**Q** 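Right, I'll just put the structure down here and ask away after.
Here the structure is a predicted model, which means the values were calculated and not measured. Positions are given from 1 along the sequence.
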Amino acid sequence: MDAAALHTLFDALSSRRGGEITAIELPGADLAAAHLRCADLQGANLAGARLDGAKLAGANLGGARLDAASLVNADLTGADLRWADLSGALLNGAQLTSADLRGAKLPRSFSSASSLAGARVDSSACARSGLDEEAILALASAGASFDDIAAFPSPLRDALESAGAVPESAERTCHPAAPDSRRMEAAPDPQRLEAAPDSRRVEAAPDPQRLEAAPDSRRVEAAPDSRRVEAAPDSRRMGAAPDSQRISLPPESRQTPMAIDVSRQGVAAGASRRVAEPLEPALGGRAAVAGGPRGAPDAPLLPRSIELRLALAGAALLVVLAAAVALVKIPPYGLLWAAHAGGALGAALVTFALPPFGHELGAARSLGARLVLAAFAATLVHGLDPSRLAVFRLRATLASGDAAYRSASVRLLARSGHRNFDGLDLSGLDLSHADLSQTSFRNARLAGANLSDAALMESTFGSADLTAANLRGADLSGADAEQAIGWELAACDEATELPDGAACVLGHPIRAPESADDATARSAHESAPPPGAL
């Protein structure tokens, strides 16, 4: 296993856990037996990489490049391999139970995997991989299931169904229903008329029904004169009514051309007040409503004073939470949760300090627009997570002289996903039972630290000082401690799981002794004369 490549990969994964978009470029890397369960490796370039025996169960490998990679005996149970490139990959003995391989580019030797039970494949993956019917049937016999089995030709589809390659959740549709247009043409005349659109249904209907189904304008034209007058709007009804039913206007208004026009159309916009006043009782106030000026905008549902008070309360909440996170040496989980949720609430309240807008749309719509803006601000701040500012406070606590505060700070940082303690002074701290797996301790000082029963799997101790460190019961499997200082002076016991090539002898870890054959070969090489010597 390449320790440098593994460290680069863990740094990239840590950055991704922190919300950063970090590319993973490790073509040809040696990552054999790496523990990468549920790792975010989406879009990673691992072409030609050696991943023999790697633990990749539940990993996200969507769109990853694994062409010509070696995945012998790798555990890919439940892995997401959609649209991944597996062309030329070695999958002998690989566990692909319940893996998602839809759209992936598969190798010809794909069926050599030891387990394909519940693996999901689709027609796009088969077409992209150039698999023939024999290879597709080999996948089905190995336990793979096909989501879109209906996309395959009929003989192959029947063979896949008989092999049980249809997932339980997939719906089988032998003959899809005909389109609406064909169904309408084949239906009888009454049913065809009901299923036809409105325009065609009106044309095909008898005259009485056609008149009822027609729009208002055409219905009025086709109706008799008496009904046409009743169905016409007010302006036209007034002109078509008999003289006895017409509104009699004062003589003065009849002499005004504008008043005559208003009496015919039934509106009061632009007319003189002398003509509009006689028309209001006659038309029931309809003219004033139709052509009158718009009223003033409604009063806001929330007064401006209340909006400003809400904004001040939100700003005060943000200041209090920021001061609490900055001053408390070890922020408890309750405070971090309050900073996360309270920050979103405070940001939403601060938006009420903006000037009011949308009053022309009405009071309800104006308040709705404010609430939408507040929800957007709360969502944005909630995604940024203000509780992450506690990392700076905890870093400052690590520089203090109180060992108890420093130990609690390291534990809280580790629980928050922090995996980089390079160059820090952690000597003498009590870190027993702490989860410090996949953590970097390069150039860190851990002399006299209590690491008993701690989880230190796949951690890196390059140039770290482990003199007199307590490693009893600790799990150091897969850790890189070859360049650690004072490694032989640390304390261990039978329960300590040391890295490969190390053993616990007389209560201290030592590197595995050199075999006799290797020692003989090394001495023979050292005693041999240099090339060209007489």
Side-chain angles (χ1 to χ4, degrees), residues 11 14-22 302-357 367 369-431 433-436 439-441 444-445 449:
D11 286 346
S14 299
S15 300
R16 288 191 173 189
R17 281 195 296 267
E20 300 179 7
I21 302 176
T22 305
L302 284 180
R304 185 58 179 167
S305 59
I306 296 180
E307 291 181 348
L308 293 178
R309 290 177 184 176
L310 290 175
L312 289 176
L317 179 61
L318 292 177
V319 171
V320 170
L321 291 175
V325 173
L327 296 178
V328 177
K329 289 187 176 181
I330 305 296
Y333 279 105
L335 179 58
L336 295 180
W337 180 87
H340 194 186
L345 177 61
L349 294 178
V350 168
T351 58
F352 284 92
L354 298 175
F357 57 95
L367 180 59
R370 278 198 173 279
L371 294 178
V372 169
L373 179 61
F376 175 78
T379 304
L380 181 62
V381 174
H382 189 273
L384 294 176
D385 192 1
S387 63
R388 294 179 182 176
L389 299 175
V391 175
F392 300 99
R393 173 67 263 178
L394 295 173
R395 281 280 190 175
T397 305
L398 285 176
S400 64
D402 193 329
Y405 281 134
R406 292 165 61 200
S407 300
S409 179
V410 172
R411 292 175 184 272
L412 189 56
L413 282 170
R415 291 178 185 175
S416 302
H418 192 71
R419 290 292 181 267
N420 191 341
F421 296 95
D422 294 344
L424 296 180
D425 184 8
L426 307 177
S427 55
L429 298 186
D430 182 11
L431 302 176
H433 302 277
D435 183 8
L436 298 170
T439 304
S440 177
F441 294 99
R445 291 183 290 278

**Q** Please report the shortest heavy-atom distance between Arg406 and Leu429, naming the atom on each side.
**A**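 Looks like CB-CD2, 3.7 Å.
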**Q** Could you pull out all residues at least two apart from Thr351 that satisfy side chain to side chain donor-acceptor pair (under 3.5 Å)?
**A** none
**Q** With a 3.5 Å distance limit and no angle check, can you tell me whether Arg419 reaches the backbone of Ala414 through a side-chain donor-acceptor pair?
**A**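 The answer is yes, because a donor-acceptor pair under 3.5 Å joins these two groups.
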**Q** If we count only N and O atoms by modelled type, under 3.5 Å, do the side chains of Ser14 and Arg17 hold a donor and an acceptor together?
**A**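 There is such a pair between these side chains.
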**Q** Is it the case that Ser440 and Asn420 place a side-chain donor and acceptor less than 3.5 Å from each other?
**A**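 No, Asn420 and Ser440 have no side-chain donor paired with an acceptor closer than 3.5 Å.
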**Q** Please find the pair of heavy atoms, one from Phe352 and one from Ala311, that lie closest to each other, and give the distance.
**A**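 Closest approach of Phe352 to Ala311: C-CB, 4.2 Å.
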**Q** Any chance you could measure Ser407, atom OG, to Leu412, atom CG, to the nearest 0.5 Å?
**A**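 The CG atom of Leu412 is 12.5 Å from OG of Ser407, to the nearest 0.5 Å.
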**Q** Tell me every residue that passes salt bridge (charged side-chain N to carboxylate O under 4.0 Å, His left out) with Asp435, counting only those two or more places apart in sequence or in another chain.
**A** none
**Q** For Arg304, what residues pass the side chain to side chain donor-acceptor pair (under 3.5 Å) criterion, not counting sequence neighbours?
**A** Glu307
**Q** What residues, two or more places apart in sequence or in another chain, satisfy side-chain contact (heavy atoms from CB on, under 4.5 Å) together with Ser15?
**A** Glu20, Thr22
**Q** Would you say His340's side chain and Gly342's backbone share a donor-acceptor pair under 3.5 angstrom?
**A** no
**Q** Out of curiosity, Leu321 CG to Leu335 CG, how far, rounded to the nearest 0.5 Å?
**A** 7.5 Å
**Q** At their closest point, which heavy atom of Phe441 faces which heavy atom of Asp422, and how far apart are they?
**A**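 Shortest heavy-atom separation between Phe441 and Asp422 comes out as N-OD1, 3.7 Å.
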**Q** Going by the rule ring pair (Phe, Tyr, Trp, His ring centres under 6.0 Å), which residues pair with His433 if we only count those two or more places apart in sequence or in a different chain?
**A**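 So His433 forms no ring pair (Phe, Tyr, Trp, His ring centres under 6.0 Å) with any residue.
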**Q** Show, in sequence, the C-alpha distance, side-chain angles and deciding distance for Leu373 and Leu354, and conclude whether the side-chain contact (heavy atoms from CB on, under 4.5 Å) test is met.
**A** CA-CA 10 Å; Leu373 179 61; Leu354 298 175; 3.4 Å; yes
**Q** Not counting sequence neighbours, which residues clear salt bridge (charged side-chain N to carboxylate O under 4.0 Å, His left out) with Arg411? List them please.
**A** none
**Q** Considering residues at least two apart in sequence or located in another chain, which fulfil the side-chain contact (heavy atoms from CB on, under 4.5 Å) criterion with Ala378?
**A**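 Ala378: side-chain contact (heavy atoms from CB on, under 4.5 Å) contacts with Ala344, Ala348.
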**Q** Only pairs at least two apart or in different chains count here, so list each side chain to side chain donor-acceptor pair (under 3.5 Å) that has a residue in residues 314-324.
**A** none
**Q** For Leu318, enumerate each residue passing the side-chain contact (heavy atoms from CB on, under 4.5 Å) test, keeping only those at least two apart in sequence or located in another chain.
**A** Val350
**Q** For Ser427, which residues count as a side chain to side chain donor-acceptor pair (under 3.5 Å) partner, sequence neighbours excluded?
**A**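 Here the qualifying residues are Asp425.
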